[in-house]
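Because only heavy atoms are used, hydrogens play no part in the values below, and waters and symmetry mates are left out as well, while side chains stay in. Residues take their numbers from the sequence shown, with the count starting at 1.
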Amino acid sequence: DKSETTITTLHPNPSYGTVTVGINSKTTSNILLEISTIDGKVVQRITVNAQSGITTVPITLDASLANGTYTCSIRNQHTLQASTVFVLNR
């Protein structure tokens with residue numbers, strides 16, 4: 001596995017306004033978690049202090065987000081590490 005950090009889980013999917021993201025990191029580091037529209041526009045950013053092993057991150061999605069398909073991505077030092085798609089359906 002080339003990635004230092006991966007997304008292990010994202011639930012519930014579809015989401016009703018909150019999601020819990022499981023992140024598996026080989027080292028302790030600050031990572032950037034981004035929620036983006038399907039066309040790539042970042043609509044929410046969260047800095048996470050990921051511990052070595054599994055870190056669970058609860059996220060309340062911005063109330064202004066419309067129903068639709070979004071991407072949850074994690075970056076480590078500006079390099080995309082992993083991403084997954086989820087649906088928001090309030």
Side-chain angles (χ1 to χ4, degrees):
D1 188 342
K2 292 177 259 179
S3 264
E4 288 182 18
T5 310
T6 57
I7 296 173
T8 57
T9 57
L10 186 149
H11 60 84
N13 190 4
S15 168
Y16 305 101
T18 60
V19 291
T20 300
V21 181
I23 299 169
N24 186 13
S25 182
K26 292 182 180 176
T27 60
T28 297
S29 62
N30 282 332
I31 61 166
L32 184 63
L33 189 147
E34 295 177 333
I35 305 295
S36 306
T37 58
I38 205 69
D39 62 0
K41 179 184 174 199
V42 176
V43 292
Q44 199 165 345
R45 282 189 175 92
I46 301 161
T47 300
V48 177
N49 182 7
Q51 302 300 310
S52 180
I54 302 288
T55 301
T56 302
V57 183
I59 301 169
T60 300
L61 299 167
D62 192 297
S64 67
L65 296 182
N67 287 347
T69 303
Y70 292 86
T71 303
C72 176
S73 305
I74 51 177
R75 296 182 184 279
N76 187 343
Q77 299 171 343
H78 307 294
T79 303
L80 180 66
Q81 296 286 314
S83 65
T84 191
V85 172
F86 70 96
V87 174
L88 175 62
N89 186 13
R90 296 188 209 259

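Arg75 places none of its side-chain heavy atoms less than 4.5 Å from the side chain of Ile31. Looking only at side-chain heavy atoms (C-beta outward), Ser36 and Tyr70 stay at 4.5 Å or farther from each other. Contact check for Ile35 versus Thr71: no side-chain heavy atoms found under the 4.5 Å cut-off.
Transitive grouping of hydrophobic side chains (ILVMFWY, heavy atoms separated by less than 4.5 Å) brings Ile46 and Ile74 into a common cluster.
Here the CG atom belonging to Leu33 is positioned 6.5 Å from the CD1 atom belonging to Ile7, to the nearest 0.5 angstrom. With rounding to the nearest 0.5 angstrom, the OG1 atom of Thr79 is 9.0 Å from the CD atom of Glu4.
At least one donor-acceptor pair under 3.5 Å links the side chain of Asn67 to the backbone N or O of Arg90. Between the side chain of Asn13 and the backbone N or O of Val87 there is at least one donor-acceptor pair closer than 3.5 Å.
Minimum interatomic distance between Gln44 and Leu65 (heavy atoms only, all atoms of both residues): OE1-CD1, 4.2 Å. Across all their heavy atoms, Ser25 and Thr5 have their closest contact at OG-OG1, 3.7 Å.
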Return all side-chain donor-acceptor pairs below 3.5 angstrom for residues 51-63, not counting sequence neighbours, or 'none' if the list is empty.
unit_1, atom_1, unit_2, atom_2, d
Ser52, OG, Lys26, O, 3.4
Thr55, OG1, Gln51, N, 3.0
Asp62, OD1, Ser64, N, 2.8
Asp62, OD1, Ser64, OG, 2.7

Please table the atom pairs, donor to acceptor, closer than 3.5 Å between any side-chain atom in residues 14-22 and protein atoms at least two apart or in another chain.
unit_1, atom_1, unit_2, atom_2, d
Ser15, OG, Gly17, N, 3.0
Ser15, OG, Thr18, N, 3.3
Ser15, OG, Thr18, O, 2.8

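Under a 4.5 Å side-chain heavy-atom criterion applied to ILVMFWY residues, the cluster that includes Val85 comprises that residue alone.
The salt bridge (Lys or Arg N to Asp or Glu O under 4.0 Å) contacts involving residues 38-49 comprise Glu34-Arg45, where partners must be two or more places apart or lie in separate chains.
With sequence neighbours left out, Thr47 forms a side-chain contact (heavy atoms from CB on, under 4.5 Å) with Asn30, Leu32.
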